[in-house]
There are 2 protein chains.
Amino acid sequence: MQDHPQHLTTNKPDMGSPSHGAAGAGLLFLREEEFRTAQDMLFFAMRDLTNAPDALLAELGFGRAHHRCLHWVGRRPDMKVGDLLDILAITKQSLARVLGPLIEQGYVLQVKGKSDRRQRLLTLSEKGVALERKLFEIQRERLAAAYREAGGPAVDGFRRVLRGMTREQGRKYLDDMEAVRAKGSRSPV
Amino acid sequence: MQDHPQHLTTNKPDMGSPSHGAAGAGLLFLREEEFRTAQDMLFFAMRDLTNAPDALLAELGFGRAHHRCLHWVGRRPDMKVGDLLDILAITKQSLARVLGPLIEQGYVLQVKGKSDRRQRLLTLSEKGVALERKLFEIQRERLAAAYREAGGPAVDGFRRVLRGMTREQGRKYLDDMEAVRAKGSRSPV
DNA sequence: GCTTATAAGTCAGTATTTATGACTTAGATG
DNA sequence: CATCTAAGTCATAAATACTGACTTATAAGC
């Protein structure tokens, strides 16, 4: 076990939202139910969010893997291929099949790193920026509706929990991107 | 005066969490950045959550599709095959390839509906319940850690946003399951 | 300079998940 | 009885991912 021995009842009851009645009797049940509900909601939310851009992608002969690729190259311009592999957590071959067409069709550009010329730093071309933006807008509509409906404080909680679900490697990227945003400088990955 | 185009700033600024400084100059940028960060976090959170049970599934020759199936059959016992198709939003053939082995190997049971005997109502066997529970516990660990770290109010916000991201069809299921929970009665789908 | 290590690209072969479309069987329903 | 519906099935194909081996170019240590 890890540092959090949370088998069933011994946990701190610190996450109870007041939205359930019935305290006392089924406390354990309610706690389990809360997590199952979270699974349900994550499933539905992701299903509906990822379905949204599919039509546009399909028109171009692309799929979700291409979208992920465009998203991350857009997020971290001049990213190394190896870093993209780390983020996507797929194999080099899987990436090649996706990245190849994006490069051939001029959505993604490669430039040799100047400090290390083995590296192929990835950026979006104008065409790539345009496509990524279209895809982004589609998902943003869904997210914006959700944010509006849920309200500001909820959004903060949303982010806190998502961050909590993310392992160290992902958190480093998130922190790094926030640092880039704050300081305007690109920090090492 | 301002160097940012005015037509882009006319949105309602009602979801701003106070976690960013720098108001005024890059308001539009911050609002877009918020959604992009949400995409990042959803990607990482789902990547790490879905990776967690993969090893156990792989031991049994199953994949994530089998997990989804077990999850939903466990969530809504006596569910019709057609309802499962609606939830998973896949084709009958895709489901068959996943559901078939689960039935053959005794994880999922079928019983004919008594009001309509064309229906095959799905439930988990004891074996299925046991497997689903193991898978659940793995994901619960991640979720529990996240909930603990984020705190109770954050969890409520998390749920509110996820619900906001979900389309009508999914919301109906969520509402229905809450109703089942509250009243103990199974309501129609 | 030579050796070793690294970044990226590539090839061959395979597995998984999903899709489309056509069809069958059983049972409900008018 | 005719028709609709729930489920299961077959054939085919696409997208996404995997393993393992190999090449090329470049960097870095000795």
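Every chain is numbered from 1, with letters handed out A, B, ... down the list of sequences. Not measured: the values here are computed from a predicted model.
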Whole angstrom is fine here: how far is it from [atom1] in [X] over to [atom2] in [N]?
| X | N | atom1 | atom2 | value |
| --- | --- | --- | --- | --- |
| Met79(B) | dA7(D) | CE | C1' | 15 Å |
| Leu84(B) | dA6(D) | CG | P | 15 Å |
| Leu99(B) | dT9(D) | CG | C1' | 13 Å |
| Leu95(A) | dA15(D) | CG | C1' | 15 Å |
| Asp78(B) | dA6(D) | CG | P | 17 Å |
| Gln119(B) | dT5(D) | CD | P | 14 Å |
| Asp116(A) | dG29(D) | CG | P | 12 Å |
| Arg47(B) | dA17(D) | CZ | C1' | 16 Å |

Determine, using the 4.5 Å side-chain heavy-atom cutoff (strictly less than), whether [X] and [Y] are members of one ILVMFWY cluster.
| X | Y | result |
| --- | --- | --- |
| Leu135(B) | Leu49(B) | yes |
| Phe62(B) | Leu56(B) | yes |
| Leu102(A) | Leu60(A) | yes |

Quiz item: Considering the options Arg75(A), Arg133(A), Arg181(A), which one meets the salt bridge (Lys or Arg N to Asp or Glu O under 4.0 Å) requirement together with Glu32(B)?
Solution: Arg133(A)
Can you measure from [atom1] ([X]) to [atom2] ([Y]) and round to the nearest 0.5 angstrom?
| X | Y | atom1 | atom2 | value |
| --- | --- | --- | --- | --- |
| Leu42(A) | Leu162(B) | CG | CG | 5.0 Å |
| Tyr107(A) | Lys127(A) | OH | NZ | 4.0 Å |
| Gln110(A) | Asp78(A) | CD | CG | 12.0 Å |

Quiz item: In residues 56-66 of chain A, which ones come under 4.0 Å of DNA chain D, going by heavy atoms?
Solution: Gly63(A), Arg64(A), Ala65(A), His66(A)
Quiz item: What's the closest nucleotide to the Gln93(B) side chain, out of dA17(D), dT9(D), dA27(D)?
Solution: dT9(D)
Quiz item: Quick check: are there more than 12 heavy atoms from other residues, nucleotides or ligands sitting under 6.0 Å from NZ of Lys134(B)?
Solution: no
Practice problem: For Gly113(A) and for Ser94(A), find the nucleotide of DNA chain D with the closest heavy atom, then tell me which residue's nucleotide is more 5'. | Solution: Ser94(A)
Quiz item: More 5' along DNA chain D: Lys114(A) or Arg120(B), using each one's nearest nucleotide?
Solution: Arg120(B)
Quiz item: Do any side-chain nitrogens or oxygens of Thr91(A) fall under 4.0 Å of OP1 or OP2 in dA17(D)?
Solution: no
Quiz item: Think Arg36(A) forms a cation-pi with Phe136(B), using NZ or CZ under 6.0 Å from the six-ring centre and within 45 degrees of its axis?
Solution: yes
Quiz item: NA contact type, Lys92(A), heavy-atom cut-off 4.0 Å: base, sugar-phosphate, or nothing?
Solution: base
Quiz item: On DNA chain C, which is the earliest and which the latest nucleotide, 5' to 3', with an atom closer than 4.0 Å to a heavy atom of chain B?
Solution: dT17(C) to dA28(C)
